[in-house]
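Okay, so here's the structure we're looking at.
Values reported hereafter were calculated over all heavy atoms of this structure, with side chains retained and with hydrogens, waters and symmetry mates removed. Keep in mind it's a predicted model, so treat the numbers as computed, not measured.
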Amino acid sequence: MLAAGSPGAASAAAPPGYTFEMDVAMRMRHFPWLRFRMQGSGQYRPDREYDVKFLSAPWFFPKRPGGTDLSMLDPIMWPEHYTYQQIGVRDGMALFTLHSLTKTDPMLDDATVALGPQGCTRTVDAAFSDGTNIHMNITPSEVDGFLLPHSLTADIDEPHLSLSASADFKNYQFEGQAPLGKV
């Protein structure tokens, strides 16, 4: 249970574990203006992990053995992964600054996360020690009574590479639930 005033306190009960699929369209914002798609399979286990492993990605996309960590999107997971502090309110959203605990992402300098109604992450601005900056907008939707990410757009500015991404979260499957379309 979260204490009043903690980032996830406004949210309803945490969802049970679930899996999901992610479809990502990426494009370079400079020459040679490449476009590519990536498909991933994600997993959420409360208080333990929230990540996506890309099953198809171009050869130059960084491969991470544990997958791409999404814990920054879920305030319920912050205590295990980040130090955080509320820094204000903007447009009715609570703003928090996050700093990674070493085991989570040692490259993260800091992130500012805006939480909308029910503790749902709406924007993330993250800065990394290699000079990369990422700005994300997250659109949630209700899935079986839980507000979960529906889509995400991102601008990724690395030192010598600028990308835009658009991702769809789909085919949510909660633990203990029969696969969709099956008996």
Any chance the rings of F146 and F174 have centres within less than 6.0 Å? yes
Are L152 and F128 in one and the same hydrophobic cluster, where Ile, Leu, Val, Met, Phe, Trp and Tyr link if side-chain heavy atoms are under 4.5 Å apart? yes
Same cluster or not: are L161 and V24 linked, directly or through other Ile, Leu, Val, Met, Phe, Trp or Tyr residues, by side-chain heavy atoms under 4.5 angstrom apart? yes
Test item: H99 and T97 side chains (from C-beta on) under 4.5 Å apart, heavy atoms: yes
Assigning hydrophobic clusters by single linkage (Ile, Leu, Val, Met, Phe, Trp, Tyr; side-chain heavy-atom cutoff under 4.5 Å), is L98 placed with L95? no
Do W78 and V89 belong together in a cluster built from hydrophobic side chains that touch within less than 4.5 Å? no
With clusters defined by side-chain heavy atoms of hydrophobic residues (ILVMFWY) lying less than 4.5 Å apart, directly or transitively, does F20 cluster with L147? no
For D74 and Y44, which I'm curious about, is there any donor-acceptor pair between the side chains at under 3.5 Å? yes
Please report the C-alpha distance between S162 and D157 in whole Å, then the side-chain angles of each, then the deciding distance to 0.1 Å, and finally whether the side-chain hydrogen bond (donor to acceptor under 3.5 Å, both in side chains) criterion is met. CA-CA 5 Å; S162 293; D157 292 310; 3.1 Å; yes
Would you call M93 and L115 a side-chain contact if the rule is heavy atoms closer than 4.5 Å? no
Does the side chain of D125 pick up a donor-acceptor pair with the side chain of H135 at under 3.5 Å? yes
Taking all non-hydrogen atoms of both residues, which atom of P149 and which atom of F169 are closest, and how far apart? O-CB, 3.2 Å
A side-chain contact here means heavy atoms from C-beta on lying under 4.5 Å apart; do M107 and S129 qualify? yes
Might you work through the side-chain hydrogen bond (donor to acceptor under 3.5 Å, both in side chains) test for Q39 and S56, ending with a clear yes or no? CA-CA 5 Å; Q39 285 77 39; S56 67; 2.6 Å; yes
Going by heavy atoms in the side chains, are Y18 and L148 under 4.5 Å from each other? yes
Using side-chain heavy atoms (C-beta onward) and a distance below 4.5 Å, is Y82 in contact with V113? no
Could you check if a side-chain atom of M22 sits within less than 4.5 angstrom of a side-chain atom of F54, using non-hydrogen atoms only? yes
Step by step, work out the side-chain hydrogen bond (donor to acceptor under 3.5 Å, both in side chains) result for S164 and D155. CA-CA 5 Å; S164 291; D155 290 319; 3.3 Å; yes
Do D51 and T68 touch side chain to side chain, with heavy atoms closer than 4.5 Å? no
